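Letters A, B, ... mirror the listed sequences (proteins, then strands); counts begin at 1. Keep in mind that what you see is a predicted model, and the values were worked out from it rather than measured.
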Amino acid sequence: MKIATWNVNSLKVRLPQVLKWLEENPVDVLCLQETKLTDDKFPVAEIAAAGYMVEFSGQKTYNGVAILSRHPMSDIVKNNPLFPDEQQRIIAATIEGVRYVCAYIPNGQSLESEKYPYKLSWLSALHAWLQQELAQHPRLALLGDYNIAPEDRDVHDPAAWQGQVLVSEPEREAFRKLQAMGLTDSFRLFEQPEKIYSWWDYRQMGFRLNRGLRIDHILLTQELKERCTACVVDKVPRKWEQPSDHAPVIATLAD
DNA sequence: ATGGCGGTTTTAAACCGA
């Protein structure tokens, strides 16, 4: 079983790349963020033709999430029932006995922005809802764009980023709170090369200079952690023409 | 300090992302 997450920064623009990537990486489950599509514009037929079922929750211009799966999905939940939110940032589904939560955690913009307390409240509500979900689903995977680099080794230049949004202590504390509820960062289960990131700024040759952050994650409960045999960032599509600024993250689960 | 880039919309300039 292979599962993946990818912030595509507009599925309208990136659909050909998603289909190409799935041909080369026929994962069982793919969580997408920033589809930026209303549900009536979602490319269901193209994704079905690629062999995937799909559930989605979108809106105009911003946000939007989807789960693509080779296996049937049930118990779909859109957004956090404990957190009324006009922004479409969560979709959850049960697939083959595993609960998948696909999340596009708010960016926060800056510590001074009103979007920053929104991000922290959003994370707090996510934690509360996940406690309920975990009580029902011992096998749970939380995949998505967390917009949090958990540690300094997930940041290309920790000194330059110190205290900024995406690395600030309250955000990292929220990440650790997710870990404390039994969710493990699958990437850190394994020995990894240094300077592995999942997002690079489009500007100033960010990707070529590897000025990145690791902000896309796959967190797993104990039972899934024990089945996890690999977790990698796939930089290949970041090198394609007109790429998303994020790269996919893939975890492998033994049967 | 600002703007870089790329996507979006109200198809031009403004917004948002990270």
How long is the line joining [atom1] of [X] and [atom2] of [N], in whole Å?
X: A:Asn63; N: B:dG17; atom1: CG; atom2: P; value: 8 Å
X: A:Lys119; N: B:dA18; atom1: NZ; atom2: P; value: 9 Å
X: A:His246; N: B:dG17; atom1: NE2; atom2: C1'; value: 8 Å
X: A:Asp201; N: B:dG7; atom1: CG; atom2: P; value: 13 Å
X: A:Tyr118; N: B:dG17; atom1: OH; atom2: C1'; value: 14 Å
X: A:Gln59; N: B:dT8; atom1: CD; atom2: C1'; value: 12 Å
X: A:Ile105; N: B:dC16; atom1: CD1; atom2: P; value: 20 Å
X: A:Trp161; N: B:dG17; atom1: CH2; atom2: C1'; value: 11 Å

Minimum-distance nucleotide (side-chain atoms of A:Lys36 versus B:dA18, B:dT8, B:dG17):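 Given the options B:dA18, B:dT8, B:dG17, the side chain of A:Lys36 is closest to B:dT8.
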
Of the listed nucleotides B:dT8, B:dG3, B:dA18, the one nearest the side chain of A:Gln204: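 The answer is B:dG3.
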
Proximity of A:Trp6 and A:Trp21 rings by center, below 6.0 Å: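 Between A:Trp6 and A:Trp21, the centre distance is under 6.0 Å.
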
No-hydrogen, no-angle side-chain donor-acceptor test under 3.5 Å, A:Trp129 and A:Asn80: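 No donor-acceptor contact under 3.5 Å links the two side chains.
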
Reckon [X] has a side-chain N or O less than 4.0 Å from the OP1 or OP2 of [N]?
X: A:Tyr104; N: B:dA18; value: yes
X: A:Asn147; N: B:dA18; value: yes
X: A:Gln242; N: B:dG7; value: yes
X: A:Asn9; N: B:dG7; value: no

Contacts of A:Tyr104 that satisfy ring-ring contact (aromatic ring centres under 6.0 Å, His included) - sequence neighbours left out: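 ring-ring contact (aromatic ring centres under 6.0 Å, His included) list for A:Tyr104, sorted by chain: empty.
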
When rounded to the nearest Å, what value does the distance between [atom1] atoms of [N] and [M] take?
N: B:dG3; M: B:dT9; atom1: P; answer: 24 Å
N: B:dG4; M: B:dT10; atom1: C1'; answer: 25 Å
N: B:dA1; M: B:dA12; atom1: C1'; answer: 26 Å
N: B:dA18; M: B:dA14; atom1: P; answer: 22 Å
N: B:dG6; M: B:dT2; atom1: P; answer: 23 Å

Where the chi angle of B:dT10 falls, syn if within 90° of 0 and anti if not: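 In terms of base orientation relative to the sugar, B:dT10 is anti.
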
Nearest-nucleotide comparison on DNA chain B, the residue closer to the 5′ end among A:Thr61 and A:Leu213: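 Here A:Thr61 is the residue nearer the 5' end.
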
Residue whose nearest DNA chain B nucleotide is more 5′ - A:Trp199 or A:Ser10: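 Closest to the 5' end, via its nearest nucleotide, is A:Ser10.
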
Residue that, paired with A:Met1, satisfies side chain to side chain contact (heavy atoms under 4.5 Å, CB included) out of A:Thr252, A:Val29, A:Leu224: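 When side chain to side chain contact (heavy atoms under 4.5 Å, CB included) is applied between A:Met1 and each of A:Thr252, A:Val29, A:Leu224, only A:Val29 qualifies.
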
Hey, does [X] reach any base, or is it just sugar-phosphate, or nothing, if we go heavy atoms under 4.0 Å?
X: A:Asn7; answer: sugar-phosphate
X: A:Arg14; answer: sugar-phosphate
X: A:Lys115; answer: sugar-phosphate

Atom CD of A:Glu169: over 12 foreign heavy atoms under 6.0 Å: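 Atom CD in A:Glu169 is crowded, with more than 12 foreign heavy atoms closer than 6.0 Å.
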
Under 3.5 Å: donor-acceptor pair, side chain of A:Asn79, backbone of A:Asp85: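 A pair under 3.5 Å: yes.
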
